[in-house]
2 protein chains.
Amino acid sequence: MTINEVSKKFGITMDTLRYYERAGMIPPVTRASNGNRDYQEDDLNWVGLAICMRNSGLPVGGIAQYVRLYQAGDSTLSERHQLLSDQKKILQDQRNQIDETLERLNIKIAKYEIAAKTGKLSW
Amino acid sequence: MTINEVSKKFGITMDTLRYYERAGMIPPVTRASNGNRDYQEDDLNWVGLAICMRNSGLPVGGIAQYVRLYQAGDSTLSERHQLLSDQKKILQDQRNQIDETLERLNIKIAKYEIAAKTGKLSW
DNA sequence: ACTTGACTTGGAGTACACTCCAAGTAATAC
DNA sequence: GTATTACTTGGAGTGTACTCCAAGTCAAGT
């Protein structure tokens with residue numbers, strides 16, 4: 001799969017795909033004989049993981065660190081486990097923060113809806 | 001309340017508090033006779049809202065836009081309602097994305113836990 | 001009067017995550 | 001054999017959100 005196809009598949013620019021690789025967020029992608037990237041299923045899995053992590057707001061550095069540990073082999077298993085647990089914690093906190101803000105937003109939105117109906121502000 | 005006290009209360013630097021004001025994320029703060037900021041309850045509410053929104057990842061621009069509309073008066077009620085609804089949508093999407101990543105992380109973490117127990121990778 | 005300390009400002013600097021670009025290569029189309 | 005197209009690279013540029021700094025003001029303490 002070419003970088004162009006992968007870009008379309010995941011809805012992400014080719015530049016970003018190359019950037020992710022440069023940043024170590026995914027291991028070096030398989031190359032065709034002419035030097036062009038030729039994404040294999042494995043590469044695609046890494047891309048999918050990277051995009052998923054980034055979309056949820058996890059920093060590039062943490063994901064790259066995971067890839068480094070992965071490439072270092074089995075001796076890093078517990079470190080990788082720790083790293084993933086840390087990221088899980090970050091996301092759980094982030095989720096709680098979002099819930100808090102959503103509650104706050106809902107209260108405000110409700111007030112605007114009352115105002116829209118009655119023509120009056122309720123606060 | 002001085003900027004230093006507010007900074008401690010919310011666990012945010014004085015620089016960031018001034019930046020939030022400069023960026024229009026909170027309306028101009030009440031000043032003491034010497035020109036120093038003297039946060040009133042109202043100002044503190046705005047600060048709390050701004051921090052809450054930022055902590056959940058909403059961009060500064062959107063919050064500043066809300067403040068602008070608020071300052072423009074009652075004629076912007078429906079616009080403000082719309083803006084808050086948009087931000088709510090953003091946060092809901094973000095939450096879903098986090099849940100997706102958490103699921104993915106949980107699967108990976110489980111595999112590492114099995115590996116830690118059995119000494120073998122399960123994939 | 002002078003030092004100290006807490007604040008003020010505008011503006012410059014930093015970190016992060018892209019995003020864009022110029023110059024080059026490699027394979028196909030005519 | 002040359003034009004076109006799709007890729008390659010290193011490096012520079014952009015936008016966001018801080019973060020830091022220098023120079024100045026103001027009030028209180030000695």
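In the text below, chain A, chain B and the rest are named by the order of the sequence lines, each starting its count at 1.
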Within the 4.0 Å heavy-atom criterion, would you say R18(B) contacts the bases, only the backbone, or no part of the nucleic acid? base

Of D43(B), D42(B), D38(B), the residue whose pairing with T30(B) passes side chain to side chain donor-acceptor pair (under 3.5 Å): D43(B)

So does R22(B) get a side-chain nitrogen or oxygen closer than 4.0 Å to the phosphate oxygens (OP1/OP2) of dT19(D)? no

Could you check whether any side-chain N or O of Q94(A) sits under 3.5 Å from a backbone N or O of G57(A), counting only pairs where one atom can act as donor and the other as acceptor? no

Listed nucleotide nearest any side-chain atom of D15(A), set dC7(D), dC21(C), dT9(D): dC21(C)

From dT9(C), dT8(D), dC18(C), pick the nucleotide closest to the side chain of V60(A)? dC18(C)

Any idea which of dC7(D), dC26(D), dC7(C) is nearest the N34(B) side chain? dC26(D)

Which of the following nucleotides, dC18(D), dT8(D), dC20(C), is nearest to the side chain of Y20(B)? dC18(D)

Is N36(B) near enough to dC26(D) that one of its side-chain N or O atoms lies under 4.0 angstrom from OP1 or OP2? no

Just verifying a value: how many Å separate I107(A) CD1 and L102(A) CG, rounded to the nearest 0.5 Å? 11.0 Å

Could you state the atom-to-atom distance from CD of E5(A) to P of dT5(D) in whole Å? 18 Å

Flag, side chain of E79(A) to backbone of L69(A), donor-acceptor distance under 3.5 Å: no

Upstream residue (5' side of DNA chain C) when G35(B) and M25(A) are each assigned their closest nucleotide: G35(B)

Please report the distance, rounded to the nearest Å, between CZ in R31(B) and C1' in dC7(C). 10 Å

Which nucleotide sits closest to the side chain of T16(A): dC20(D), dC18(C), dC18(D)? dC18(C)

Measure OH/Y19(A) against P/dT14(D) and give the value in whole Å, please. 17 Å

For dC7(D), take OP1 and OP2 only and decide whether either is under 4.0 Å from a side-chain N or O of T2(A). yes

Of dT8(D), dC18(C), dA17(D), the nucleotide closest to the side chain of R54(B) is dA17(D)

